[in-house]
Protein chains: 4
Amino acid sequence: MIFSSDNWAGAHPAIAESLMAHAGGYASAYGTSELDRKVEKKFADIFERDVAVFFVGTGTAANSLALATANRAGGVAFCHREAHVIADECGAPEFFSHGARLKPVDGPRGKMEASRLEAEIRRFPLDNVHGGQPSAVSLTQATESGTVYSLAEIEAISAVAKGHRLPLHMDGARFANALVSLDVTPAEMTWKRGVDLVSFGGTKNGCWCAEALVLFDLSKAHEMHFLRKRSAQLFSKSRFVSAQFDAYFAGDLWLNLARHANAMATRLAEGIAAAKTSRLAWQADANEVFAIINKDVAAKLRQDGAVFYDWPVPHDLEGKLAKNEGLYRLVTSFATKAEDVDRFVASC
Amino acid sequence: MIFSSDNWAGAHPAIAESLMAHAGGYASAYGTSELDRKVEKKFADIFERDVAVFFVGTGTAANSLALATANRAGGVAFCHREAHVIADECGAPEFFSHGARLKPVDGPRGKMEASRLEAEIRRFPLDNVHGGQPSAVSLTQATESGTVYSLAEIEAISAVAKGHRLPLHMDGARFANALVSLDVTPAEMTWKRGVDLVSFGGTKNGCWCAEALVLFDLSKAHEMHFLRKRSAQLFSKSRFVSAQFDAYFAGDLWLNLARHANAMATRLAEGIAAAKTSRLAWQADANEVFAIINKDVAAKLRQDGAVFYDWPVPHDLEGKLAKNEGLYRLVTSFATKAEDVDRFVASC
Amino acid sequence: MIFSSDNWAGAHPAIAESLMAHAGGYASAYGTSELDRKVEKKFADIFERDVAVFFVGTGTAANSLALATANRAGGVAFCHREAHVIADECGAPEFFSHGARLKPVDGPRGKMEASRLEAEIRRFPLDNVHGGQPSAVSLTQATESGTVYSLAEIEAISAVAKGHRLPLHMDGARFANALVSLDVTPAEMTWKRGVDLVSFGGTKNGCWCAEALVLFDLSKAHEMHFLRKRSAQLFSKSRFVSAQFDAYFAGDLWLNLARHANAMATRLAEGIAAAKTSRLAWQADANEVFAIINKDVAAKLRQDGAVFYDWPVPHDLEGKLAKNEGLYRLVTSFATKAEDVDRFVASC
Amino acid sequence: MIFSSDNWAGAHPAIAESLMAHAGGYASAYGTSELDRKVEKKFADIFERDVAVFFVGTGTAANSLALATANRAGGVAFCHREAHVIADECGAPEFFSHGARLKPVDGPRGKMEASRLEAEIRRFPLDNVHGGQPSAVSLTQATESGTVYSLAEIEAISAVAKGHRLPLHMDGARFANALVSLDVTPAEMTWKRGVDLVSFGGTKNGCWCAEALVLFDLSKAHEMHFLRKRSAQLFSKSRFVSAQFDAYFAGDLWLNLARHANAMATRLAEGIAAAKTSRLAWQADANEVFAIINKDVAAKLRQDGAVFYDWPVPHDLEGKLAKNEGLYRLVTSFATKAEDVDRFVASC
C-alpha cells in the first residue's frame with residue numbers, strides 16, 4: 001500500500017531490460033549515438049512536428065532550463081502558487097536562470113486562473129524598470145493537486161501569455177497521466193494550444209531516470225546545447241536515457257502505464273468516495289487522490305503498512321474538516337496493484 | 001577497435017543486472033532508501049573513515065559542486081592548464097560557483113607543478129581586492145594526459161594548498177584507474193595526502209551513470225544537500241545510482257575493471273613502443289595512451305574500423321614529430337578486448 | 001509642491017560644498033584615503049561600537065550585498081510583502097545573492113508581524129531540502145508605508161530571527177527619518193535590538209549619492225570587501241562618498257535634515273487631517289504621508305504644480321474609499337518648504 | 001609628485017561647481033531628468049549618431065554590463081592578458097555575466113594581436129559544446145600599458161571579431177587620453193571601426209564619479225535598462241552624474257584635460273629618456289609612462305614624496321634590466337603640475 005509518491009516505484013521491467021540490452025557494445029557519447037537519434041525522431045513523431053529534444057537527469061533540470069532559456073534581465077516568471085518550480089525545487093529555477101523571480105498566481109486546485117494571471121502580469125508594466133519584466137508563464141500538467149487543465153483552460157492561459165509575448169512552459173512531470181486523462185494527442189495538449197516548451201517526464205511513469213526538455217522553437221536549440229552542458233546535464237553515456245525512452249515509447253508502453261496509474265487512482269477515489277468515514281477532498285483527474293480521512297483511520301492504515309503523506313489544507317477547505325479529520329495525498333503509479341487499492345479502501 | 005573514449009562503452013553486465021534486480025518494489029525517494037544508505041556506508045568502508053557522499057549524474061556536476069562549495073567571493077580556483085574543469089565543461093564550474101575563475105597552472109603531461117602552483121597563488125595576495133582571492137586547488141587523478149600523480153606529488157600539491165589554507169579537490173573521473181596504477185588504497189591517495197573533496201567517477205569504469213561527490217569535511221554536508229538539490233542533481237529514484245554502485249563495489253568489481261582497462265592500455269603502449277613506424281608520445285600510467293603515428297597508418301587504421309582522436313601537440317613536443325606524423329589519444333576501458341588491441345598494434 | 005519622492009531633491013548645500021572643498025589635492029583611492037578612515041570612525045562613534053562600513057552607490061546595492069552575504073544555498077529571505085527589496089529592485093537581491101528567494105510576509109502598513117514571520121519561516125524546515133532553507137530576515141525602517149517600527153516591534157522580529165539563527169538586516173534607506181521619529185540612538189534602534197546589518201542611507205536625506213552597508217559582525221568584513229568589489233561598487237575616488245558623509249554628520253546635519261523632513265510631513269498630515277474633503281489614510285510616522293483625496297482635488301493640485309504619486313489601495317482599505325476618492329503618497333524631504341506644504345493643504 | 005594613478009586626483013573645479021550649481025531644486029529621478037536628457041543628447045553629438053547611454057558608477061560596472069549583454073550560455077570573452085577586466089575587477093565581469101569566461105590573448109604592450117585573437121577564437125568551434133562558445137571581444141583603449149591602438153589596429157581586431165560575429169567592446173576608462181593621442185573623433189575611434197559597445201570613462205579624467213556605457217546597437221537598450229537596475233547601478237539622483245558630464249563636455253573640457261595629462265606624460269617621458277640613470281621601458285602613447293629606474297634612485301624619489309607603483313617586468317624585458325634596476329609605472333592626470341614632473345625628472 002505505497003501511495004507516497006510515484007517516484008517510490010522502481011523501473012518497469014521493459015525499461016530495465018532495455019538498459020540491459022543496450023549495455024553491450026560501443027556508441028558515441030554525449031547525445032550523438034544512433035539510439036539517441038532514433039529516440040529524438042520518435043519525439044518528433046509523437047508531437048507531429050519537428051522538435052528539439054534535450055535529455056536531462058531530473059524534472060527539476062528540465063523545468064529550470066526551460067525557465068532559464070525564457071528568462072530576461074530582471075525577469076519574472078508566473079506559475080501557480082503551489083507549482084513544483086516554486087515550492088519544491090530549492091530555488092533551482094532561480095539558480096539556472098540567474099535570479100528570475102517566480103511570482104505565484106492563485107487559482108483553485110493547482111490551476112492558475114487566466115484572469116488572475118492577467119492581473120499579475122499587468123503589475124509589471126514594461127516601462128517600470130524597478131519592478132522587473134515578465135519573462136515566462138509556467139503551468140503544470142497534471143497539477144500538484146492531481147487535477148488536469150482542460151484544453152480550453154490551457155488555451156486561456158496561453159492567450160494571456162501570448163498577449164504579453166511571453167513563452168509558455170508546461171511542466172509535464174506527469175505528462176502522460178494528463179494526456180490519457182484528457183484522451184488527446186501530445187500535439188493537441190501542447191503546441192496546438194500555444195505551449196512553447198515542455199518538460200517531458202518519464203521517471204514518475206516507469207523509467208529509472210528519463211526526462212526530456214522539448215522545444216518547439218528550434219531557434220532556441222543552439223543556446224540550449226550550451227545551457228544544458230553548462231548545467232552538468234549532458235550525460236556522457238546518453239544512451240542510458242535513450243534506451244529507457246526507447247522502451248518507454250515502444251508499443252505505447254508509456255500510455256498504457258499512465259492509463260494503469262490513472263485507473264488505480266480512479267479505483268481508489270471511487271472507493272474512498274463510497275467509504276463510511278472517508279471522503280474525497282476533490283475530484284482526481286490523474287494519478288493523485290486527495291482524501292479527507294479520519295485521523296485514527298489514517299493512523300491505523302499506516303500501522304498496516306500504508307504509506308502516504310499529510311497534505312496542507314487549502315484555504316477554501318478550512319473549517320470543512322472535522323477536528324479529527326486530516327487531508328492526505330495518495331499517489332498511484334504504473335506499479336500500483338489493485339489489491340493494494342482495495343485493501344486500503346476497505347479500511348477507510 | 002574503439003579507443004575514442006572510455007565513455008563509448010556501455011555498462012558492465014553486473015551493473016545492468018543490478019539495475020534489473022532493483023527495478024521492482026518500492027523504495028523511499030531522493031536519496032533516503034536503504035540501498036542508498038548501504039552504498040554510503042560502503043564509501044565509508046572504502047575510504048576508511050566517515051565521509052559525506054552525494055550521488056550526482058555527471059562528473060561535471062561533481063566537479064562543479066566541489067568548486068562551488070569551496071568558492072569565496074571573487075574566488076579563483078587553480079588547476080592544470082588542460083584540466084577537464086577548465087577545458088571541457090563549458091563553464092559549468094563557473095556557473096555552479098557563481099563566477100569563480102579558473103586559473104591555469106602549467107606542468108608537463110597534465111600535472112601541475114607544485115612550485116608553479118605556489119607562484120600562481122602568490123599572484124593573488126589577500127590584501128588586493130582587485131585581483132580576487134584564491135579559493136581552491138583542483139587536481140585531476142588520473143590526468144587528462146593519462147598520467148598519474150604519485151603520492152609524493154599529491155602531497156607536494158597539498159602542501160601548497162594547505163599553506164594558503166585552500167581546500168584541495170581531486171577530480172577522480174578515472175579514480176579507479178589511478179588507484180590501481182599506484183596500487184594504493186583510496187585513503188592513501190586522498191585524505192591521507194590532504195585531499196578534501198573527491199569527484200568519484202564510476203561512469204567511465206563500467207557504470208551507466210554513477211558519480212559521487214565525496215566530502216571528508218562533514219561540516220560541509222549540510223550546505224551540499226541544498227547545493228545539489230538546487231542544481232537539479234538530486235535524483236528522485238536515487239537507487240538507480242546506488243544500484244550501480246552496489247554492483248560496482250561488490251567483489252572489488254571496480255578495481256578489477258580498472259585493472260583490465262589499465263592492462264589493455266599497457267598492452268597497447270608496449271605494442272606501439274615496439275612498432276615499426278609508431279611510438280609512444282609519453283609513458284601511459286593508466287588507461288590512456290598517447291601515440292605518435294604516421295598519418296597514413298592512422299588513416300588506414302581508421303578505415304579498418306579503429307576509432308580514436310587526434311590530439312593537440314604539447315609545446316615541448318613541437319618539432320619532434322615528423323611532417324607526416326600525428327599525435328593521437330587511445331583510451332581503453334573495461335570493455336576493451338585484447339584482440340582489438342593486438343589488431344591495432346599489428347597495423348602500427 | 002514636489003511630494004513625489006525624497007530623491008527628487010538634489011543635495012544639501014553643505015554636502016555640495018564638502019565635495020567642492022575636497023575636490024583638490026590627491027588622496028589614495030579605493031576606500032583607503034584619510035577621509036575614508038575618518039568617516040568610518042565617525043560611523044563607529046555613531047553606533048557606539050566597532051563596525052565595518054562599506055560605501056556603495058545605491059540603496060539597492062547595500063540591500064543586495066547584505067542579502068548576498070547572508071545567503072545560503074537554496075536560501076530564502078523574509079521581508080514584508082511591500083518591501084523595497086522585493087518590489088522595487090528589479091531582482092537585484094536575487095542577482096547579488098545568486099538566486100536567494102524573497103518570501104513575502106504580511107502585516108499592516110508595511111510592518112511584518114512577528115507571528116506571521118514565525119509562521120512563514122516554519123514553512124521551511126531544515127530537513128526538507130526541496131523547499132530551500134531560511135537565510136535572512138529583512139525589515140525596512142522607516143517602512144515603505146511611512147510607518148516606523150517601534151523598538152519593541154524590532155525586538156519581536158529580532159527574536160523570531162534569532163530563534164531560527166537568521167541574521168537580521170535593516171533596510172535604512174530612511175534610517176535618519178525613523179531615528180528622529182523614535183527619538184532614540186542608532187545603537188538602540190539596531191544592534192541593541194539584534195540587528196546584524198544595516199543599509200544606511202544618506203541619499204534620500206540630503207546627499208547626492210552616499211549609502212553605506214554597516215556590518216556589526218566584523219568577521220563578515222573580509223568577504224564583503226570582495227563581494228563589493230566584484231559587484232562594481234568599490235569607487236576609485238571613494239572620497240566623493242566620504243566627503244558627503246563628512247558633511248552629513250558634521251554638527252548633526254543628518255538628524256536636523258531628517259527632523260525637518262519629518263516636521264514637514266507632520267505639518268502636511270495635520271493639514272490634510274483637518275481638511276474639508278481630504279483625510280489621512282493612516283498615521284504618518286516619518287516623512288511619507290498617505291492621503292485619501294478627492295480625485296478632482298488631486299487633479300486640480302497637479303494642475304497647480306503639485307507632483308505626487310497614486311498609490312495602490314491596501315486590502316484593508318478596500319471599500320473604504322468613495323468612488324471619486326484616490327489614495328496618494330506624499331513624500332517630504334530636507335528641501336521641502338513650509339509654504340509649499342501650506343499651499344498644498346489649502347487646496348485639499 | 002603623485003604619479004600613482006589618475007584616480008588619486010579629485011575632481012576638476014568645473015565639475016565640482018556643476019554639482020554645486022545643480023544641487024538646488026527638484027528633478028525627476030532615476031535617469032529621467034531634463035539634465036539627463038541633455039547629456040544623453042550630447043553623447044549623440046559627440047559620437048555623431050544615435051546612441052543609447054547608461055550612466056553607471058564605476059568603470060568596472062560599465063565593462064561588466066557590456067560583457068553581460070554580450071554573453072551567451074557557456075560564453076567566452078577574449079581580451080588582452082593584462083586587461084583590466086581580467087586582472088583587476090575581482091571577477092565582476094564573470095559575476096555580471098553569470099560566469100562568462102575571460103580568455104587571455106597575448107600581444108606586446110597591452111595590445112592584442114589580431115592573429116593571436118583569431119587563433120584563440122578558433123579554439124572554440126561552435127560544434128564543440130564542451131569548450132563553450134565565443135561571446136565577445138574586449139579591447140582596452142588606452143591600454144593598461146599606456147599604449148594606444150591605432151585605427152588600423154582597432155580595425156584588424158574588429159575584422160576578427162566580425163568574422164566570428166562577435167560584438168566588440170572597448171574599455172575606454174582612458175577614452176579621452178587615447179582620443180587626443182590619436183587626434184581623431186570619437187566616431188572614428190569606435191563605431192566607424194566596428195566597435196559595438198564603449199565603456200566611456202570620465203572619472204580618471206577629472207570627474208568625481210562619472211562613467212557611461214554607450215551602446216551603438218539601440219536594440220540592446222531595452223535589456224540594458226533592466227540589467228543596469230538589477231545590478232544596482234541606476235542612481236536615484238542621476239543628475240549627480242549628468243551634472244558632472246555636463247561640465248565635462250562643456251567647452252571641450254574633457255579633451256583639454258586629457259591633452260594636459262598626456263602632455264605631462266610626454267614631458268615626463270622625455271625627461272626620463274634624457275636622464276642619466278633612468279630610461280623609458282617603452283613608448284608612452286597616453287598618460288602612463290613606464291620607466292626603468294635605478295632602485296636607489298626610486299627609493300630616493302619616494303623619500304622626497306614621489307608616489308608611484310612597481311610594475312611586473314614583461315617577459316620580453318626579462319634580462320634587460322640591471323640587477324639594481326626596477327620597472328615603475330608613472331601616471332599623470334588633469335591635475336599633474338609641470339613643476340612636479342620636472343622635479344621628478346631632475347632626480348632620475
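Within every chain, numbering begins at 1; the chains are lettered A, B, ... in the order of the sequence lines, protein sequences first and strands thereafter. Predicted model only: the values in this text are computed from it and were never measured.
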Q: Please check if the side chain of C:Arg230 supplies one atom and the backbone of D:Phe96 the other of a donor-acceptor pair under 3.5 Å.
A: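 Not at all, since once roles are kept as given, no pair shorter than 3.5 Å links the two residues.
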
Q: Looking only at heavy atoms and a cut-off of under 4.5 Å, which of C:Thr60, C:Leu65, C:Asn7, C:Asn63 has the most pairs with chain D?
A: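 With the most close heavy-atom pairs to chain D, the winner is C:Asn7.
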
Q: Using non-hydrogen atoms only, which part of C:Thr336 is less than 4.5 Å away from chain D: side chain, backbone, both, or neither?
A: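 For C:Thr336, the contact with chain D is made by backbone and side chain together.
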
Q: Could you tell me which portion of D:Ser28 (side chain, backbone, both or neither) has an atom closer than 4.5 angstrom to a non-hydrogen atom of chain C?
A: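 Looking at D:Ser28, backbone and side chain both touch chain C.
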
Q: If you tally heavy-atom pairs under 4.5 Å against chain D, which of C:Ala9, C:Gly57, C:Ser236 wins?
A: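 Going by pairs under 4.5 Å, I would pick C:Ala9.
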
Q: About how many Å separate CH2 of C:Trp208 and NE2 of D:His22, when rounded to the nearest 0.5 Å?
A: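 Output value for this atom pair is 8.0 Å.
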
Q: Side chains of C:Met20 and D:Leu19: does their closest heavy-atom pair fall under 4.5 Å?
A: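 In short, these two side chains do not touch, never coming nearer than 4.5 Å.
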
Q: Check each atom of C:Ser64 against the heavy atoms of chain D and say whether the ones under 4.5 Å are side chain, backbone, both or neither.
A: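 C:Ser64 has no heavy atom closer than 4.5 Å to chain D.
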
Q: Would a distance-only check, ignoring hydrogens and angles, find a side-chain to backbone donor-acceptor pair under 3.5 Å from C:Lys237 to D:Thr203?
A: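 Confirmed, C:Lys237 side chain pairs with D:Thr203 backbone.
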
Q: Quick one: what part of C:Ser231 sits under 4.5 Å from any heavy atom of chain D, side chain, backbone, both or neither?
A: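 Answer is both: backbone and side chain atoms of C:Ser231 are under 4.5 Å from chain D.
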
Q: Roughly how far apart are D:Cys209 SG and C:Phe240 CZ, rounded to 0.5 Å?
A: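 Answer for the SG-CZ pair, D:Cys209 versus C:Phe240, is 3.5 Å.
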
Q: Under a 4.5 Å heavy-atom cutoff, which of D:Glu17, D:Lys204, D:Glu89, D:Arg239 has the most pairs with chain C?
A: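 Looking at each option in turn, the highest pair count goes to D:Arg239.
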
Q: Has the side chain of C:Thr58 got a donor or acceptor atom that lies under 3.5 Å from a matching backbone atom of D:Gln233?
A: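 A pair under 3.5 Å: no.
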
Q: Please state whether the side chain, the backbone, both or neither of C:Ile15 comes within less than 4.5 Å of a heavy atom of chain D.
A: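 Neither part.
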
Q: Check whether any side-chain N or O of D:Tyr26 sits under 3.5 Å from a backbone N or O of C:Phe3 as a donor-acceptor pair, and report yes or no.
A: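 Not at all, since once roles are kept as given, no pair shorter than 3.5 Å links the two residues.
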
Q: Could you check which of D:Ala16, D:Ala92, D:Ala23, D:Ala29 has the highest count of heavy-atom pairs closer than 4.5 Å to chain C?
A: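 Heavy-atom pair counts peak at D:Ala23.
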
Q: Is the D:Phe95 ring parallel, tilted or perpendicular to the C:His98 ring (thresholds 30°, 60°)?
A: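 The arrangement is perpendicular - the two ring planes meet at more than 60°.
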
Q: Does any backbone or side-chain atom of C:Glu94 lie under 4.5 Å from a heavy atom of chain D? Answer side chain, backbone, both or neither.
A: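 No part of it gets close to chain D.
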
